[in-house]
Amino acid sequence: MNAPESDNTEPERLDFIRQIVADDIASKKNGGKVVTRFPPEPNGYLHIGHAKSICLNFGIAKEVGGTCHLRFDDTNPEKEDTEYVESIMEDVRWLGFDWGDNLFYASDYFDQLYDWAVKLIKDGKAYVCDLSADEVSEYRGGWNKEGKDSPNRDRSVEENLDLFARMKAGEFKDGEKSLRAKIDMNSSNMNLRDPAMYRIRHQHHHRTGDKWCIYPTYDWTHGQSDSLEGITHSICTLEFENHRPLYDWYVEALGIHHPQQIEFARLNVTHTLTSKRKLLALVEGGHVSGWDDPRMPTISGMRRRGYPADALRDFCAHTGVTKFNGMTDLALLELYVRGSLNKTANRAMVIIDPLKVVIENYPEGESEMRQAKNNPEDDEAGIREMPFGRELYIERADFMEDAPKKFFRLTVGKEVRLKNAFFLKCNEVIKDDSGEIVELRCTYDPETSGGKAPDGRKVKGTIHWVSAEHAVDAEVRLYDVLFEQEKAGDVPDGEDLMDTINPKSLEVKQAKVEPSLVKAQAGDSFQFERTGYFCVDAKDSSPGKPVFNRTVTLKSGYKPKPAE
RNA sequence: UGCGGAAUCGUCUAAUUGGUCAAGACACGGCACUUUGAAUGCCGCAAUGCGGGUUCAAGUCCCGCUUCCGCAUCCA
């Protein structure tokens with residue numbers, strides 16, 4: 001049964017949660033079984049933070065031969081929808097995880113939850129309260145203010161039973177009554193000051209339809225759902241720490257299987273929002289094209305952007321699991337994205353900001369095919385041919401008239417190598433009336449076809465190019481961070497979050513791409529040499545007319561000194 | 001002012017549970033190599049929040065302080 005993970009790298013240190021799990025297995029707690037769960041509320045799209053939770057829960061289960069459930073925590077019909085259910089399932093699968101038959105919905109437990117609520121009423125541990133939401137809040141007191149008992153706290157069991165049944169039957173309006181647990185109105189933990197178990201909401205539920213008009217709260221649902229499913233380790237984020245006593249109270253009051261809730265720090269990434277509310281505002285405000293806009297930190301956005309699933313998994317695995325609320329550098333995510341793509345993405349030559357080059361000693365009207373490796377990291381990727389001719393485009397940034405010493409691209413009177421082709425020398429710069437460079441007159445050395453000069457002379461720089469005659473126009477979308485501040489969404493008082501959006505987060509260019517790219521399929525990733533990794537946008541491309549998304553730039557080793 | 005958490009290189013994490021010169025990765029800087037200023041390889045940089053105490057020995061134990069995070073939805 002032991003997985004043949006002979007992939008023995010190092011004596012992998014366990015994080016504190018995996019340590020607890022390992023200890024529990026060793027002590028045969030829960031019969032040595034491990035069952036975890038990923039429990040999203042279907043009220044939005046999954047984002048990078050959820051990816052971490054998915055990797056943790058499914059990852060642990062996989063590592064120890066346990067199982068991990070996917071459960072939709074659909075207790076609040078107001079905000080939930082099947083649209084979200086479907087996207088969540090797609091995202092979890094895309095990330096590479098499989099819940100098998102273990103797909104659950106908290107709404108499947110509504111009947112059981114109702115029966116258990118009746119049991120608590122009978123046990124004198126729950127009561128129907130007539131207070132309005134505002135009154136409840138007032139009665140609850142505050143951190144330094146005592147709570148006051150609800151006037152209905154000592155209602156008889158019979159009356160509670162009757163009222164609760166009538167709540168369910170729809171006799172009351174929204175907010176008119178609620179069912180509360182009878183715990184302690186003076187607890188130092190606010191969650192224990194008689195928390196609500198049921199609220200009245202005459203609302204259609206995406207799964208139970210109009211069967212219910214009372215809906216259980218998160219607290220009254222979560223632990224019991226875990227219990228019903230035989231969850232052993234209920235892993236959640238830090239903000240639920242104060243809820244654990246209540247979680248424990250409910251399962252103890254019911255005398256049912258008691259899973260262990262364990263909290264870890266939520267993932268924060270620089271320049272990245274992980275607040276569902278704020279992401280929703282971006283979408284609804286039209287500041288991005290949708291939940292899957294390639295700038296969004298949603299799983300669907302990152303997928304469309306071209307981030308490979310294994311990069312996301314690696315990233316999550318390397319951010320660690322602790323109770324320390326930190327901020328992880330976006331550079332780490334990009335490291336794994338580049339690392340994955342470097343191994344798998346075929347290379348291509350694309351000129352994003354073209355400058356025309358005319359090779360004066362190349363015969364007019366002729367052209368030839370040059371060979372290029374598809375991926376120097378992977379010999380099996382093979383080679384391809386690309387046309388070369390008298391007129392080329394090179395990247396405008398690869399030429400400089402008055403170049404500093406450390407600039408070893410093209411400049412007047414000096415040679416560079418055209419990748420996969422010849423040495424090229426610039427002789428003359430042609431400008432328009434405004435002084436802008438419009439064309440370079442150059443000569444090439446036909447003897448340097450292999451990339452080396454027979455006389456042994458060296459060039460320092462190698463630049464990419466594309467044949468002007470054969471190149472194809474294609475739309476290229478350059479993405480940058482949505483928020484320039486490291487702590488995205490940290491808006492000073494009185495300012496609007498939307499005003500802090502990076503105006504340059506999207507730049508659209510018409511690029512000159514090598515002809516082979518016309519055949520690129522939606523979702524394909526490429527490395528545009530010396531530029532970055534790009535993928536074919538899955539939504540806006542059409543056959544023969546790809547649109548490219550910049551996934552991430554290449555690291556740039558050339559940093560012009562701002563100093564004079 | 002209450003309760004619950006958390007503090008280790010710039011960042012994220014380690015440290016045999018009291019025992020060498022506090023380790024790794026990212027970032028940053030440098031060098032080598034290179035038909036991508038990429039990748040790769042090597043080198044460097046840099047930390048135990050503060051103050052006491054216990055001990056031969058403290059990042060680890062004790063006491064006090066400081067700072068940060070979360071919590072007063074019929075949200076999750």
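Residue numbering restarts at 1 for every chain, and letters A, B, ... go by the order of the sequence lines. All values derive from a computational prediction rather than experimental measurement.
Nucleic acid contact class of A/Leu131 (heavy atoms, under 4.0 Å, all strands): base. Residue A/Asn325 is classed as a sugar-phosphate contact, given heavy-atom separations below 4.0 Å to backbone atoms only. In this structure, A/Ser137 reaches the sugar-phosphate backbone alone: every heavy-atom distance under 4.0 Å involves primed, P, OP1 or OP2 atoms, never a base. Across all strands, A/Lys276 comes closer than 4.0 Å to no nucleic acid atom at all (heavy-atom distances). Nucleic acid contact class of A/Gly175 (heavy atoms, under 4.0 Å, all strands): base. Note on A/Phe407: a base of the nucleic acid sits closer than 4.0 angstrom, heavy atoms only. Contact annotation for A/Lys323: backbone-only contact, meaning every heavy-atom pair under 4.0 Å involves sugar-phosphate atoms and none involves a base. Residue-level contact check: A/Met197 touches neither bases nor backbone, having no heavy atom under 4.0 Å from any strand. Here A/Gly557 lies in heavy-atom contact (under 4.0 Å) with sugar-phosphate atoms only.
Both geometric conditions, a ring-centre gap below 5.5 Å and a plane tilt below 30°, are not fulfilled together for A/Tyr218 over the base of B/rA76. By the criterion of a centre-to-centre distance under 5.5 Å and near-parallel planes under 30°, the ring of A/Trp143 forms a stack with the base of B/rC71.
Residue A/Arg347 places no side-chain N or O under 4.0 Å from the OP1 or OP2 atom of B/rU35.
Judged by the 6.0 Å and 45° rule, A/Arg550 forms no cation-pi pair with A/Phe528. A/Tyr105 carries A/Arg207 over the face of its six-membered ring, with the cationic atom under 6.0 Å from the centre and within 45° of the normal.
Straight-line distance between the C1' atoms of B/rU66 and B/rA39: roughly 46 Å, to the nearest whole Å. Look at the P atom in both B/rA22 and B/rG44: the space between them is 16 Å, to the nearest Å. Taking the C1' atom of each, B/rU20 and B/rU1 are spaced 48 Å apart, rounded to whole Å. Rounded to a whole angstrom, the distance from the C1' atom of B/rA25 to that of B/rU17 is 24 Å. Of the C1' atoms belonging to B/rU11 and B/rC50, the separation is 23 Å, rounded to the nearest Å.
A heavy-atom distance below 4.5 Å is not found between the side chains of A/Cys236 and A/Tyr247.
One can place CD of A/Glu241 at 15 Å from P of B/rC69, the figure rounded to the nearest angstrom. In this structure, A/Lys343 places its NZ atom 15 Å from P of B/rA38, rounding to the nearest Å. Between the P atom of B/rU35 and the CZ atom of A/Phe408 lies a distance of 13 Å, rounded to the nearest Å. Between A/Glu78 atom CD and B/rU73 atom P the separation is 16 Å, expressed in whole Å.
With B/rU13, B/rG2, B/rA27 as the candidates, the nucleotide lying closest to the side chain of A/Phe324 is B/rU13. Nearest nucleotide to the side chain of A/Arg13, out of B/rG37, B/rC75, B/rA14: B/rA14. Of the candidate nucleotides B/rU35, B/rC26, B/rG37, B/rU35 has the atom nearest to the side chain of A/Lys419. The side chain of A/Ser188 approaches B/rC3 more closely than any other nucleotide in the set B/rC74, B/rA14, B/rC3.
Of the candidates A/Lys373, A/Arg347, A/Lys419, A/Lys419 is the only one forming a salt bridge (Lys or Arg N to Asp or Glu O under 4.0 Å) with A/Glu529. The one candidate from A/Lys452, A/Lys425, A/Arg457 that meets the salt bridge (Lys or Arg N to Asp or Glu O under 4.0 Å) condition with A/Asp445 is A/Arg457.
Side-chain atoms of A/Arg244 and base atoms of B/rG4 include no donor and acceptor less than 3.5 Å apart.
Toward the 5' end of RNA chain B, the nearer of the two residues A/Asn144 and A/His222, judged by each one's closest nucleotide, is A/Asn144.
Glycosidic conformation of B/rU16: anti, with the torsion beyond 90° of 0.
For B/rA6, the paired nucleotide is B/rU67, the pair qualifying as Watson-Crick or G-U wobble because both relevant distances are below 3.5 Å.
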